[in-house]
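Each remark here refers to the structure printed beneath this line.
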Amino acid sequence: MEKEMIKISFAANPDYKIEVEKGLTVLEIVAQKAPKLYKMILAAKADGEDIELSDRIERDCIIQILTGSDDAGLHALRHTASHILAHAVQRLFPGTKLAIGPAIANGFYYDFDSGHTFSPEDLTAIEKEMEKIVAEDLPLVREFLPRDEAIKLFYGLGEKYKIELIEALADDVPISIYRQGEFVDLCAGPHVASTGKVKAFKLQSLAGAYWRGDEKNKMLQRIYGTAFAKKTELDAYLKLLEEAAARDHRKLGRELDLFSLQDEGPGFPFFHPNGMVVRNEIEKLWRDLHFDFGYDEIKTPVILARELWIQSGHWEHYRNNMYFTDIDEQLYAVKPMNCPGCILVYRSRHHSYRELPIRMCEMGLVHRHELSGALHGLMRVRAFTQDDAHIFMLPSQIKDEIKKVIELFDKVYSVYGLQYHAELSTKPEKAMGDDAVWELATEALREAMEEYGLNYKVNPGDGAFYGPKIDFHLKDSLGRTWQCGTIQLDMQMPEKFDLTYVGEDGQKHRPVMIHRALYGSIERFIGILIEHYAGAFPVWMSPVQVKILPIAERHVEYAKKLQEELFKEKVRVELDDRNEKIGYKIREAQVQKTPYMLVIGDKEVEEGKVSVRKRKEGDLGAQDFSVFAAALKKEIVEKA
RNA sequence: GCCACCAUAGCUCAGCCGGUAGAGCAACGCAUUCGUAAUGCGUGGGUCGCAGGUUCAAUUCCUGUUGGUGGCUCCA
């Protein structure tokens with residue numbers, strides 16, 4: 001089946017492309033991928049709405065597919081809610097200019113340019129005004145205007161952003177506008193029939209956003225909100241948000257004493273003993289699997305001379321994000337990436353084609369000067385460890401090698417039970433190398449993914465400056481996705497550093513290089529894991545695996561013996577011999593999310609048993625200690 | 001970096017209109033030796049992020065700054 005990429009524009013990503021069967025009309029694509037929406041379009045047509053006039057409405061339909069919302073009704077509802085928001089704002093703050101106001105995955109927003117700076121109190125007032133507009137039950141009326149008339153209309157209203165949007169459209173496209181009462185907006189729809197249909201909504205937050213997402217443009221004021229068909233659904237969603245906040249890795253990081261961030265080092269995380277256990281365990285798993293997959297581990301310096309970074313291209317392309325230092329009056333840089341260091345290892349001796357592929361991995365500590373506003377707990381920091389690896393190979397080995405890398409990633413993510421999605425990023429504007437080489441590299445990645453059977457979407461122009469990449473994205477507790485794993489085909493670096501291997505013919509040849517990271521950043525990955533498990537790590541990576549809880553002082557001696565036994569098995573076990581009631585000790589172990597608790601009282605001491613309590617299942621009753629120990633050991637080894 | 005907001009005890013927070021601060025939990029002490037998510041009583045702990053300014057007087061008002069939060073931009 002032949003496929004083609006079609007490009008569609010929407011606010012969040014003007015160059016978005018999706019893959020579809022060749023020759024389908026946009027409506028057919030909608031019919032395939034968003035049946036509910038398709039039905040709605042048919043219904044609208046039956047109602048006499050002229051829907052084929054503009055391809056803009058069809059593009060809008062596809063936007064819904066991409067925002068993951070096949071629920072056309074909900075999308076239209078939220079879109080209408082954004083109009084009601086804009087309507088209310090213009091009533092309360094006349095002269096406010098409208099930018100754009102789409103429905104998004106979990107709600108909607110509208111961007112405003114206003115002389116008035118909105119405050120959180122304003123949101124309450126705006127919500128009240130919105131309720132009035134809902135009560136007025138104004139019908140949403142659609143009109144199509146010729147382009148010049150549309151421009152005249154919005155010129156009269158002083159809506160310069162709308163005019164800019166119209167001017168970006170093709171000349172012959174009729175302009176679709178929507179009216180509700182005295183309010184009018186440039187809009188492709190679709191909407192619900194009247195404002196009265198929007199029964200459950202809430203404004204959530206204020207934020208700044210650049211006009212058209214470009215930091216060179218003016219910063220507008222964005223108001224975020226959400227809307228649902230029913231009040232109960234809205235309440236359920238808000239409750240979900242609250243529960244997600246309880247899983248926030250920053251909150252759990254403090255409560256479980258895993259890590260901290262200090263004013264003395266913004267963006268430079270401190271790992272506490274508990275966090276270090278988690279970290280060491282996931283590194284141990286990493287080393288085991290990399291051994292199995294034929295990697296060799298190296299370690300390269302954190303500080304290296306400027307010349308290296310000039311040669312690698314980082315000086316030209318990445319300098320603004322780098323830290324520098326003088327040593328003996330020479331300029332050195334703190335490494336922002338591990339590649340050049342690894343390349344120097346490769347280049348330290350000759351290589352034969354027989355050795356390839358060479359897979360060198362490194363837990364590399366890198367520093368990047370990220371913008372202060374971008375920092376976020378462990379997810380976005382200024383110093384982090386990349387679980388990096390560089391693979392040097394023959395051009396003929398590319399596809400198989402990438403498939404192997406994908407297999408390794410898949411294997412590791414599945415140990416944690418993590419869901420991920422992959423994205424293919426292509427040549428950015430600011431890039432090294434010519435188009436043909438980029439095309440070749442991009443195709444190699446694409447083929448490997450397709451042969452492995454990995455689903456992916458495409459991010460045009462989002463590649464690194466030295467090559468295209470596959471990114472693996474994982475979700476945090478609020479559903480925000482973070483890039484973790486990455487596979488980057490680098491066809492520039494070997495050139496820049498004149499890397500070679502000796503071929504069968506005795507001549508020097510250029511190897512191909514892959515740069516890849518599985519966890520991406522150990523710090524970010526731990527942040528993801530904390531939220532994924534809500535702090536209740538599986539036993540194998542729990543900071544404390546077992547807590548022994550004697551009921552009274554006379555049980556402590558026996559408890560100590562058990563502790564010694566478990567120590568011998570390398571189990572992380574703590575003895576809570578404080579003079580507290582058993583309920584108190586259990587509560588504390590529970591709050592710390594300790595996987596196993598052993599309650600020791602008269603009965604256990606007499607019978608030589610232990611009473612086992614699991615953090616999720618509760619009391620499991622008494623069993624022989626040796627049975628417990630064996631089962632625990634098995635669970636740890638199997639990483640169940 | 002940009003926009004908005006926030007900053008009080010280790011943590012979560014209260015403190016109306018300016019008169020130098022409180023609660024719960026935690027910590028510590030004493031009593032209690034207890035059977036599956038918080039025993040009771042008591043004690044200590046804060047130059048109210050930092051620096052200026054206004055004022056007789058600033059945790060409170062103003063300015064700046066540092067750090068954080070939510071976004072934007074960027075990105076592992």
Side-chain angles (χ1 to χ4, degrees), chain A residues 12 109 111 117-123 204-224 248 250-251 254-255 257 260-267 318 320-321 336-338 364 366 368-388 462 464 469 471-474 478 480 482-486 488 517-525 527-528 549-556 578-591 597-604 611-615 618-622:
Chain A
Y109 68 80
D111 284 348
T117 302
F118 300 123
S119 69
E121 293 77 54
D122 291 334
L123 291 191
Q204 291 169 296
S205 62
L206 279 164
Y210 300 105
W211 167 235
R212 300 202 131 185
D214 188 335
E215 63 179 328
K216 289 184 206 81
N217 289 340
K218 180 163 187 180
M219 180 154 278
L220 308 170
Q221 300 185 67
R222 175 174 296 178
I223 296 177
Y224 281 96
D248 191 307
R250 292 165 297 187
K251 180 176 149 74
R254 187 176 49 243
E255 288 172 0
D257 201 14
S260 63
L261 286 155
Q262 316 274 349
D263 287 359
E264 288 80 356
Y318 209 71
N320 289 343
N321 281 324
M337 295 182 195
N338 301 302
V366 297
R368 299 180 185 177
H369 183 75
E370 299 295 345
L371 295 174
S372 59
L375 302 180
H376 181 97
L378 288 182
M379 303 296 201
R380 191 76 185 275
V381 292
R382 284 177 170 157
F384 58 99
T385 302
Q386 281 188 313
D387 63 315
D388 228 329
D462 213 27
K469 57 178 184 173
D471 291 329
F472 294 77
H473 296 252
L474 303 172
L478 282 172
R480 292 177 291 209
W482 296 90
Q483 185 189 319
C484 289
T486 184
Q488 310 183 350
L518 196 170
Y519 293 141
S521 130
I522 301 298
E523 288 74 8
R524 175 177 290 181
F525 196 78
I528 293 278
L549 312 176
I551 287 172
E553 220 170 300
R554 62 179 180 280
H555 309 124
V556 170
R578 291 174 305 173
N579 177 13
E580 293 290 350
K581 292 172 86 169
I582 192 66
Y584 182 86
K585 292 183 184 181
I586 285 171
R587 178 184 153 77
E588 198 154 290
Q590 198 74 42
V591 168
M597 291 159 243
L598 299 182
V599 177
I600 307 299
D602 288 338
K603 199 177 81 186
E604 287 74 16
S611 277
V612 180
R613 188 191 158 91
K614 286 184 87 168
R615 69 186 156 198
D619 191 1
L620 298 185

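In what follows, chains carry the letters A, B, and so on, assigned in the order in which the sequence lines appear, proteins first and then strands, with residues in each chain numbered from 1. Keep in mind it's a predicted model, so treat the numbers as computed, not measured.
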Check every atom of [options] against the side chain of [X] and return the nucleotide holding the closest atom.
{"X": "A:R380", "options": "B:G67, B:A76, B:A37", "value": "B:A76"}
{"X": "A:R368", "options": "B:G67, B:C75, B:U36", "value": "B:C75"}
{"X": "A:R250", "options": "B:A76, B:G71, B:U69", "value": "B:U69"}
{"X": "A:A552", "options": "B:U33, B:C34, B:A76", "value": "B:U33"}
{"X": "A:V599", "options": "B:C34, B:U36, B:A76", "value": "B:U36"}

N/O donor-acceptor pairs under 3.5 Å from side chains in residues 372-384 of chain A, not counting sequence neighbours:
from	atom 1	to	atom 2	distance (Å)
A:R380	NH2	A:E370	OE1	2.7
A:R382	NE	A:E370	O	2.9
A:R382	NH2	A:E370	O	2.7

Taking Watson-Crick (N1-N3 plus N6-O4 or O6-N4) and G-U wobble (N1-O2, O6-N3), each under 3.5 Å, can you produce the dot-bracket string of RNA chain B? Use [ ] for crossing pairs and | for inter-strand ones. (((((((..((((.....[..)))).(((((.......))))).....(((((..]....))))))))))))....
Below the 4.0 Å mark, does B:U73 have OP1 or OP2 next to a side-chain nitrogen or oxygen of A:R212?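 For A:R212, the contact criterion (side-chain N or O under 4.0 Å from OP1 or OP2 of B:U73) is not met.
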Expressed as a whole number of angstroms, how long is the span from [X]:[atom1] to [N]:[atom2]?
{"X": "A:D214", "N": "B:G71", "atom1": "CG", "atom2": "P", "result": "21 Å"}
{"X": "A:Q488", "N": "B:A76", "atom1": "CD", "atom2": "C1'", "result": "9 Å"}
{"X": "A:R587", "N": "B:A37", "atom1": "CZ", "atom2": "C1'", "result": "6 Å"}
{"X": "A:D248", "N": "B:G68", "atom1": "CG", "atom2": "P", "result": "14 Å"}
{"X": "A:Y109", "N": "B:G70", "atom1": "OH", "atom2": "P", "result": "19 Å"}
{"X": "A:E604", "N": "B:U36", "atom1": "CD", "atom2": "P", "result": "12 Å"}
{"X": "A:K216", "N": "B:U73", "atom1": "NZ", "atom2": "P", "result": "13 Å"}
{"X": "A:N321", "N": "B:A76", "atom1": "CG", "atom2": "C1'", "result": "12 Å"}

Using atom [atom1] of each nucleotide, how far apart are [N] and [M] to the nearest Å?
{"N": "B:G53", "M": "B:U60", "atom1": "P", "result": "14 Å"}
{"N": "B:C25", "M": "B:G45", "atom1": "C1'", "result": "14 Å"}
{"N": "B:C61", "M": "B:C5", "atom1": "P", "result": "14 Å"}
{"N": "B:A31", "M": "B:U36", "atom1": "C1'", "result": "24 Å"}
{"N": "B:A14", "M": "B:C48", "atom1": "C1'", "result": "13 Å"}
{"N": "B:C62", "M": "B:C16", "atom1": "P", "result": "14 Å"}
{"N": "B:U12", "M": "B:C75", "atom1": "P", "result": "33 Å"}

Just to verify, what does [X] make a side chain to side chain donor-acceptor pair (under 3.5 Å) with, not counting sequence neighbours?
{"X": "A:E264", "value": "none"}
{"X": "A:S611", "value": "A:E604"}
{"X": "A:K251", "value": "A:E255"}
{"X": "A:Y224", "value": "A:R222"}

For A:L261, check side-chain contact (heavy atoms from CB on, under 4.5 Å) against everything at least two apart and list the hits.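 For A:L261, the residues satisfying side-chain contact (heavy atoms from CB on, under 4.5 Å) (neighbours in sequence not counted) are A:F259, A:P269.
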Quick one: list whatever passes side-chain contact (heavy atoms from CB on, under 4.5 Å) with A:D619, sequence neighbours left out.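 Partners of A:D619 by the side-chain contact (heavy atoms from CB on, under 4.5 Å) criterion come out as none, since no residue qualifies.
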Could you tell me which residues satisfy ring pair (Phe, Tyr, Trp, His ring centres under 6.0 Å) with A:Y318, sequence neighbours excluded, listed by chain and number?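 By the ring pair (Phe, Tyr, Trp, His ring centres under 6.0 Å) rule, A:Y318 matches no residue at all.
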Mind checking ring pair (Phe, Tyr, Trp, His ring centres under 6.0 Å) for A:H555 and listing every partner two or more places apart, or none if nothing turns up?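 Ring pair (Phe, Tyr, Trp, His ring centres under 6.0 Å) check on A:H555 returns nothing, list empty.
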Taking A:R554 first and then A:D602, would you say they form a salt bridge - that is, a charged N and a carboxylate O separated by under 4.0 Å?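 The answer is yes: the pair qualifies as a salt bridge.
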A:D214 with A:R212: basic N within carboxylate O range, under 4.0 Å: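 No salt bridge links A:D214 with A:R212.
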Base contacts versus sugar-phosphate-only contacts with protein, heavy atoms under 4.0 Å: please encode nucleotides 39-45 of chain B as B, S and - from 5' to 3'. B------
For A:G485 and A:I600, find the nucleotide of RNA chain B closest to each by heavy atoms; which residue's nucleotide sits nearer the 5' end?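 On the 5' side of the pair lies A:I600.
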Starting at the 5' end of RNA chain B, which residue's closest nucleotide do you reach first, A:C484 or A:G601?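 The residue mapped nearer the 5' terminus is A:G601.
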Just by distance, do the side chain of A:K585 and the backbone of A:R578 share a donor-acceptor pair under 3.5 Å?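 Yes, because the side chain of A:K585 sits within donor-acceptor range (under 3.5 Å) of the backbone of A:R578.
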Crowding at CD, A:Q262 (>12 non-hydrogen neighbours, <6.0 Å):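 Yes, the 6.0 Å shell around CD holds more than 12 heavy atoms from other groups.
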Categorize A:R222 for me: base, sugar-phosphate, or nothing, with a 4.0 angstrom heavy-atom threshold over every strand shown.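 A:R222: backbone/sugar contact only, no base atoms under 4.0 Å.
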Under the criterion of centre distance below 5.5 Å and interplanar angle below 30°, is A:F384 classified as stacked on the base of B:A76?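 Stacked: centres under 5.5 Å apart, planes under 30°.
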Could you write out each protein N or O paired with an N or O of nucleotides 1-7 of chain B at a distance under 3.5 Å?
from	atom 1	to	atom 2	distance (Å)
B:G1	OP2	A:S372	OG	3.1
B:G1	N7	A:G373	N	3.4
B:G1	N2	A:Y210	OH	2.4
B:C3	O2	A:G208	N	3.1

